[in-house]
Colleague: 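Take a look at the following structure, please.
Residue numbers start at 1 and run along the sequence shown.
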Amino acid sequence: MLNQVCSGWAVLYSLSERRFFGLCAWPSPQAVIVSDDTAEGLEQRMREAETLLILRMPLSESLGRAA
């Protein structure tokens, strides 16, 4: 379900670690991987990562993406 809701992410579940992982599927200066024990927690972590990347993006880039 998260793969459909969060289209900019690849979502995986590790059976051995019993954790959800989100891997950013859009360009960023460095790899973005977040994890959580629950799907709800992972979705929150992904939203937080998106917000942080937008805040760090140069103004000209963020304006270009919004258009």
Colleague: For Ser14, give me all partners under side chain to side chain contact (heavy atoms under 4.5 Å, CB included), at least two apart in sequence or on another chain.
Modeller: Ser16, Glu17, Phe21
Colleague: Can you name the closest pair of heavy atoms from Arg18 and Tyr13 and give their distance?
Modeller: CA-OH, 3.3 Å
Colleague: Quick one: side chain to side chain contact (heavy atoms under 4.5 Å, CB included) partners of Gln44, sequence neighbours excluded?
Modeller: Glu48
Colleague: How far does CZ of Phe20 sit from CD of Glu40, to the nearest 0.5 angstrom?
Modeller: 8.0 Å
Colleague: Please round to the nearest 0.5 Å and tell me the distance separating atom CZ of Arg47 and atom CG of Leu42.
Modeller: 10.0 Å
Colleague: Work out which heavy atom in Trp9 is nearest to a heavy atom in Val32; give both atom names and the distance.
Modeller: CH2-CG1, 3.8 Å
Colleague: Output all residues satisfying side chain to side chain donor-acceptor pair (under 3.5 Å) with Asp37, sequence neighbours left out; order by chain, then residue number.
Modeller: Arg19
Colleague: What is the minimum heavy-atom distance between Val34 and Ala49, and which atoms define it?
Modeller: CG1-CB, 4.2 Å
